Amino acid sequence: MCGIVGYIGNRSASGVLLDGLKRLEYRGYDSSGLAVLCDGKLNLRRSVGKILNLRALLTEQPLKGGVGLGHTRWATHGVPSEQNAHPHTDCSKRFVVVHNGIIENYSILKHNLIKKGHRFESQTDTEVIAHLLEEAWGKKNFLEKEYLDAVRGALNQLEGAFALGILCVDFPELLVAARRDCPLVLGVGKNENFVASDIPALLHATKKVVYLEQNEVALVRPKSIECFNLDGYRVKKEVVTVRLNPLQAEKANYKHFMLKEIMEQNIAIQDTLRGRLFAEAGELRLNLDLRENFLKQIDRITLIACGTSYHAALVGRYYFEALAKIPVTVEIASEFRYRDTFLGKKDLAIYISQSGETADTLAALRKNKKMGVKNLAICNVLGSSLAREADTTFFTHCGPEIGVASTKAFTGQLTALLLLAIHVGMTRGALEGKEAKELLNQFLKLPAWIRQTCALSKKIKTLARRFIGKDHFLYLGRNLNYPIALEGALKLKEVSYIHAEGYPAGEMKHGPIALINREMPLVALVTESPVYDKICSNIEEAKARGGTVIAIATEGDKAIRKKVSDVLYVPKAPDIFSPMINVIPLQLFAYHVADLRGCDVDCPRNLAKSVTVE
Ligand code: AGP
């Protein structure tokens with residue numbers, strides 16, 4: 001997730017900005033930059049990589065001036081580079097902009113601006129904002145009192161999410177901030193004021209803040225802050241005193257990044273859908289290099305991944321088979337890379353990886369490239385090796401995942417796979433437009449279902465207390481939820497160090513049922529589905545042998561309560577969305593058991609966030 005810091009006052013802006021950006025490092029980024037206004041000029045310094053590179057640049061080429069904007073970039077459009085690093089300016093270098101979020105209609109805006117003679121320097125969506133402001137200036141060199149109208153005019157053309165900082169050389173005493181769907185907070189100092197995308201960037205300087213709300217713009221001066229809505233009406237704001245320490249603030253007051261990332265999955269899915277899903281029109285715009293005639297002539301899809309991403313691939317198989325009516329193979333990358341395999345030009349290989357740096361997954365891609373296979377990546381990190389080497393990439397916009405145990409990236413991957421399966425199904429004529437439109441409209445409800453399920457956290461913490469002493473767990477699921485049983489077991493294993501196995505419930509009688517006794521709790525995924533009755537029979541078999549069963553069931557299902565010891569109810573939703581919903585109580589259960597056992601939840605022993613070696 002990008003980071004924004006703005007400053008206006010009588011101190012050296014570059015020092016304050018660097019300090020603020022440093023405090024936002026935890027959000028993850030790939031480049032950074034800042035702009036300082038001095039003697040009627042906007043001076044920029046930008047660099048790829050860590051903040052220390054920017055600091056070194058400023059040591060070599062220092063900047064004077066008491067008003068400036070800083071930014072750490074988490075690339076969404078345009079690879080990490082100095083050119084694409086923020087801030088961005090217009091042709092005349094009159095305006096400078098830093099931005100968090102995604103401008104969904106930037107392509108058409110950029111096209112129209114280029115037609116009017118604007119010259120773009122970057123591949124970013126952000127740069128269009130600077131040129132829109134220049135366009136407004138071109139019509140009428142507005143005075144400071146008209147500046148707000150010009151800013152509102154530009155922002156009202158934007159579709160999508162933004163948190164912005166804007167400077168103009170003509171108004172050196174004024175820093176503009178605005179937000180829609182992305183957080184932005186103003187810091188209130190003594191003869192100095194601040195703008196930041198998150199509280200941690202401000203706490204060293206002030207604990208007095210003003211929260212910008214949806215579609216609001218702020219005019220920030222050294223001694224005043226005025227807020228307006230995008231219709232130009234003044235908005236009265238309250239100054240709030242923040243009681244968080246910096247570390248708490250980095251985790252948005254959650255105890256661990258893992259819990260924060262579990263609880264923000266509705267936002268991660270919303271951001272992954274943004275700009276791609278047009279349910280009204282029953283349309284998907286995935287902007288991938290996947291030609292229609294290629295998709296029509298392939299005779300197989302192969303999904304390749306490791307770990308949690310492999311579990312996403314297993315869910316993906318059900319999606320492509322059901323919606324695109326095409327044969328699917330799922331491969332563990334570390335096995336695939338050493339086996340005799342026979343993919344060719346009539347294959348689409350899809351590589352799933354949060355980091356885009358997993359050695360085995362990369363090796364599988366490189367092996368297939370030699371065979372002329374079409375390679376699509378699903379990845380959460382722009383500029384990663386996998387994204388650079390694949391033919392085309394579907395980026396999940398989940399923001400950086402700091403916790404080693406993958407959570408929001410997993411549901412982001414499932415979202416991507418379902419969108420792709422709908423797209424391939426529609427392209428191959430396997431999925432009727434009417435059914436597709438129904439699915440896309442249901443997709444819009446998914447973030448709310450996810451948010452509702454996350455509310456189980458307190459209840460799950462209470463449940464977890466009863467099981468922290470156990471040494472073994474069995475997770476059971478069928479069909480779409482068999483991979484979720486595997487994922488739930490992996491989550492518990494990797495953060496709490498309790499042994500856990502995921503199993504297809506139908507396999508119980510072929511061996512694992514011998515394990516069942518009072519000491520072997522089971523978690524059964526038994527939400528409404530075509531195999532509901534089958535799972536209920538497996539639960540009865542386990543109960544008959546003294547097993548303690550925790551059920552993940554659909555709200556309103558009273559019958560299941562009599563069959564199990566504990567029920568966690570999730571919202572009623574079409575079965576096709578059950579993997580994204582049902583995994584959440586399993587993530588929360590693993591998190592709370594691990595936390596109650598005193599484990600290092602964000603950095604479990606022996607694990608790395610990205611396995612870049614064999
Ligand atoms: C998931 O919780 C683990 N941290 C691990 O299994 C991970 O999913 C696996 O290493 C693959 O990583 P990737 O998605 O970055 O390729």
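Predicted model only: the values in this text are computed from it and were never measured.
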- Query: Salt-bridged, E335 to R339, with N to O below 4.0 Å?
  - Reply: no
- Should S385 and E357 be marked as a side-chain hydrogen bond (donor to acceptor under 3.5 Å, both in side chains) after you check the CA-CA gap, both sets of side-chain angles, and the distance that decides it? CA-CA 6 Å; S385 305; E357 300 300 344; 2.6 Å; yes
- For the residue pair S529 and N481, confirm or rule out a side-chain donor-acceptor distance under 3.5 Å. no
- S32 side chain vs H71 backbone, donor-acceptor pair below 3.5 Å: no
- Item | Chi angles and distances behind the side-chain hydrogen bond (donor to acceptor under 3.5 Å, both in side chains) call for S406, E401 | CA-CA 7 Å; S406 189; E401 193 174 63; 2.9 Å; yes
- Apply side-chain contact (heavy atoms from CB on, under 4.5 Å) to L386 and T393, showing your working. CA-CA 9 Å; L386 190 75; T393 300; over 6 Å; no
- Just by distance, do the side chain of R428 and the backbone of L295 share a donor-acceptor pair under 3.5 Å? yes
- Query: Has Q61 got more than 12 heavy atoms of other residues, nucleotides or ligands less than 6.0 Å from its CD?
  - Reply: yes
- Query: Which atom names give the shortest non-hydrogen contact between C603 and V404, and what distance separates them?
  - Reply: CA-CG2, 4.2 Å
- For a side-chain contact (heavy atoms from CB on, under 4.5 Å) with E438, tell me which candidate from K434, Q442, E435 qualifies. Q442
- Message: I want to check a possible cation-pi pair here: R276 against F394, using under 6.0 Å from ring centre and within 45° of the ring axis as the test.
- Response: yes
- Item | Y351/F336 aromatic ring centres below 6.0 Å | no
- Query: V128 versus F120: any side-chain heavy-atom pair under 4.5 Å?
  - Reply: yes
- Item | Heavy-atom pair of closest approach, residues P604 and Y497 | CA-OH, 3.4 Å
- salt_bridge(K408, E261) N-O dist < 4.0 Å: no
- Before giving the answer on side-chain contact (heavy atoms from CB on, under 4.5 Å), spell out for R366 and E389 the whole-Å C-alpha distance, their side-chain angles and the decisive distance to 0.1 Å. CA-CA 8 Å; R366 290 163 186 161; E389 296 181 33; 2.6 Å; yes
- Message: Measuring centre to centre across the rings, with the benzene-like ring taken for any Trp, is F410 within less than 6.0 Å of H311?
- Response: no
- Message: Could you check whether any side-chain N or O of D391 sits under 3.5 Å from a backbone N or O of K369, counting only pairs where one atom can act as donor and the other as acceptor?
- Response: no
- Query: How are the rings of H256 and Y591 set relative to one another: parallel (under 30°), tilted (30 to 60°) or perpendicular (over 60°)?
  - Reply: perpendicular
- Give the minimum heavy-atom separation between L480 and I576, together with the two atoms involved. CD1-CA, 3.8 Å
- Task: Check the angle between the aromatic planes of W449 and F577 and answer parallel, tilted or perpendicular using the 30° and 60° thresholds.
- Result: tilted
- Query: Distance under 6.0 Å and angle within 45° of the ring axis: does K50 meet both against Y29?
  - Reply: yes
- Item | Electrostatic pair K374:D289 at N-O distance under 4.0 angstrom | yes
- So which heavy atom on E127 is nearest to which on E121, and how close? OE2-N, 2.9 Å
- Will you find, in the side chains of Q354 and S309, an N or O donor that is under 3.5 Å from an N or O acceptor? no
- Start with the C-alpha gap between N84 and T124, add the side-chain angles, then the distance that decides, and say whether side-chain hydrogen bond (donor to acceptor under 3.5 Å, both in side chains) holds. CA-CA 6 Å; N84 288 332; T124 66; 5.4 Å; no
- Message: Quick check: do R45 and L54 have side-chain heavy atoms less than 4.5 Å from each other?
- Response: yes
- Message: Whether the side chain of H86 engages the backbone of H99 through a donor-acceptor N/O pair (distance < 3.5 Å, no angle test) should be reported.
- Response: yes
- Task: Decide yes or no for I535 and L525: does some side-chain heavy atom of the first lie under 4.5 Å from some side-chain heavy atom of the second?
- Result: no
- Item | Contact check, side chains of F320 and L417, non-hydrogen atoms, under 4.5 Å | yes
- Could you tell me the separation between the NZ atom of K493 and the CD atom of E501, rounded to the nearest 0.5 Å? 7.0 Å
- Neighbour count above 12 (heavy atom, 6.0 Å) for E507 CD: yes
- Under the side-chain contact (heavy atoms from CB on, under 4.5 Å) criterion, do R605 and D600 qualify, and how do the steps go? CA-CA 8 Å; R605 68 186 182 203; D600 183 351; over 6 Å; no
- Query: Of the non-hydrogen atoms in R300 and D347, which two are nearest, and what is the gap between them?
  - Reply: NE-OD1, 2.6 Å
- Atom CD in Q413, atom CG in L420: separation rounded to 0.5 Å? 12.0 Å
- Query: If you take all heavy atoms of V583 and M580, which pair is closest and at what distance?
  - Reply: CG1-O, 3.5 Å
- Message: Strictly distance-based, threshold 3.5 Å: is any side-chain N or O of Q265 a donor or acceptor partner for the main-chain N or O of I262?
- Response: yes
